[in-house]
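Please read the structure below before turning to the comments.
Letters A, B, ... mirror the listed sequences (proteins, then strands); counts begin at 1.
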Amino acid sequence: MSAAKNKRTGAEAVEQKGWWLAHKWLILRRISQFSILALFLAGPWFGQWIVKGNLAYSYTLGFLPLTDPYVALQSMVTGHLPETLGLVGLAIVLVFYLLVGGRVFCSWVCPVNIVTDAAGWLRARLGIKGSSQLGRNTRYWILGMTFVGSALTGVVLWELINPVSMLHRGLIFGLGMAWSVVLAIFLFDLFVTSRGWCGRLCPVGAFYSLIGRWSPLRVSAPARAACNDCMDCFEVCPEPQVIRPALKGEGKGVGPVILSPNCTNCGRCIDVCSKDVFTFGLRFNNPVSTAQPAGAESEAR
Amino acid sequence: MKEMTAKTSKSGAARRQFIFDSAKMVCGVGMLGLGLGLYAKQSKALPALALRPPGALPEDDFLGACIRCGMCVRDCPYNTLELAKPETQVTTGTPFFTARNIPCEMCEDIPCIKACPTGALDHGLTDINKAKMGVAVLIDHETCLNFLGLRCDVCYRVCPVIDKAITLDMVPNTRTGRHAMFLPTVHSEHCTGCGKCEKSCVLEEAAIRILPPKLAKGELGKHYRVGWEEKSKAGHSLIDESKMVDLPDRLPEGAVLPGHYDPASGHTESMRGMPGSEAGAIPSLPPGLGGKP
């Protein structure tokens, strides 16, 4: 760890695997985020109407409806049911995230992720250490509150202030003062609480993590025996608490698959690990003992 | 034994910690929820000049049903609708239009409703003429050009429901004494609130405006019956008019109202300029109206 202290996180991985392999998932993720945004913007900016709407509900090429289940559920709690297309879109999105992991939305789709990742990166570069106490469960309490509040007020409650939809809707339909909310989140993550928004407060992410509670697609550490404790994965992970059980669980009889629903499947740990400990895999492939096969696997690679 | 007490005290501490943590969350998040809830209540006050798309549910329901996707905005061919920005007075992300900027063109196929993935815009509304986005009100009688005696008529002529939603009612111009005024008169049952009248009003500030029906309309008490409507419904008067009792009228000493019927004496004053027209006089009508042939 002391050796890594002076080095940038992931520097070792760049040395060992080359720049591309040390940034692959990050780059793919950014491509995904910006492409989705581009699809939404092609209409209003260039008149190419591939996707209409925004993340709350969109209609692609006149046949694919997609509904945000969190907004739809808040609306349902107020006593209003979506129309058929809205319900079909809801089912499609639910099934998709059920399979690939709910928080894939956070790391591969959500535009705010780019903002909070930037804040996290800058926080690390500036060496800002202090972080105010804010439990990672707070978001689940806020999630519950938004449902109770929606039912009590009859208003889709979180949409009154939801920075995720404010930013996405703003980029497509006109930003207005929404930039100030986004800036506030950036500064909050930068100076107040490390990974504060996405990792502690955002009920959208909390909701998606519940959807992906049993998703088959997971990050796994099959080669955990090769871990040299450089801590780069913990440094770079937006939800570092999810790594430990899988990475260090061998002695406790815990398999190498990261099972926590809070894992966003961003794959950044795969990038920064110089020992290729991590990989995307299935949750079922979770043998407790990884010592032998892990050694063999890393040889094969 | 000692071990056991240690264990129970440990689990007791854990339980206490759990209760404290939960209380902390309930209180903190509860405060946020309270703030949001009050904000939600306030957000239901839609500004008077912000109009919802056709078929929109009442504001109370609309804010629960609308998921702020903007599909109605996209499918409006006239760019009438916009989504409220965070600093707009209208609830963030919800669709609205301002009649004075771009009014609703009342498309016959109502594409905005078709695009709506929720029930926020009532899919049961298929006839745009039955839409109720608001009600036009000729709000300023002091600046309306027709009230000034001019023949502007623009609001009347642009109305998509012309001669039903807005009519021109002719009344004598008492200022000149010899002209007529053609007063644009809104009939709320036919007005859809599209806003074309407000948009086209030639004044600097429109004298005719679309208001939410709640602001624009009075409401009779439930027990009120309008006599002439009941009469036409029944085909005859609901009371026996022959037994109508007219109370004596108090008039200043020596005052004479032409054509006035005084039930106390059973005497009817003669009509001005029409001597002996007693027969046709109607009891208690104001002077100049009663009994004219």
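Contact check for B:I67 versus B:P117: side-chain heavy atoms found under the 4.5 Å cut-off. The closest side-chain heavy-atom distance from A:T78 to A:V155 is not below 4.5 Å. Between B:T92 and A:E159, the closest side-chain pair of non-hydrogen atoms is not below 4.5 Å. With a 4.5 Å cut-off on side-chain heavy atoms, B:C159 and B:K196 do not count as touching.
Of the candidates A:W108, A:Y97, A:Y140, A:Y97 is the only one forming a ring-ring contact (aromatic ring centres under 6.0 Å, His included) with A:Y208.
Interface summary for chain B: among A:T138, A:V77, A:L85, A:V71, the most heavy-atom pairs under 4.5 angstrom belong to A:T138. In terms of non-hydrogen atom pairs under 4.5 Å with chain A, the most contact-rich of B:M71, B:K24, B:E82 is B:M71. Of all the listed residues (B:G28, B:C72, B:G33), the one sharing the greatest number of non-hydrogen pairs under 4.5 Å with chain A is B:G33. Per-residue heavy-atom pair counts under 4.5 Å with chain B were compared for A:S165, A:G149, A:G154, and the maximum is reached by A:G154.
In this structure, chain B has no heavy atom under 4.5 Å from any part of A:L55. When heavy atoms are compared at a cutoff of 4.5 Å, B:D21 does not approach chain A at all. For B:T88, no part lies under 4.5 angstrom from a heavy atom of chain A. Using a 4.5 Å cut-off between heavy atoms, A:L175 contacts chain B through its backbone alone, with no side-chain atom that close. In this structure, no portion of A:S150 lies under 4.5 Å from any heavy atom of chain B. In this structure, the portions of A:S75 lying under 4.5 Å from any heavy atom of chain B include both its backbone and its side chain. Only the side chain of B:L57 comes within contact range of chain A, judged by heavy atoms closer than 4.5 Å. Using a 4.5 Å cut-off between heavy atoms, B:C66 touches chain A through its backbone atoms (N, CA, C, O) alone. If you measure heavy-atom distances from B:K44 to chain A, the contacts under 4.5 Å come from the side chain alone. With a threshold of 4.5 angstrom between heavy atoms, B:L83 approaches chain A through side-chain atoms but not through N, CA, C or O.
Within 6.0 Å of CH2 in A:W45 there are 12 or fewer heavy atoms belonging to other residues, nucleotides or ligands.
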Practice task
Please report the C-alpha distance between B:R52 and B:T94 in whole Å, then the side-chain angles of each, then the deciding distance to 0.1 Å, and finally whether the side chain to side chain donor-acceptor pair (under 3.5 Å) criterion is met.
Solution key: CA-CA 9 Å; B:R52 293 296 187 195; B:T94 56; 3.0 Å; yes
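Listed here is the closest heavy atom pair of A:N54 and A:I172: CB-CD1, 4.1 Å.
A:R136 meets the salt bridge (Lys or Arg N to Asp or Glu O under 4.0 Å) test with A:E239; sequence neighbours excluded.
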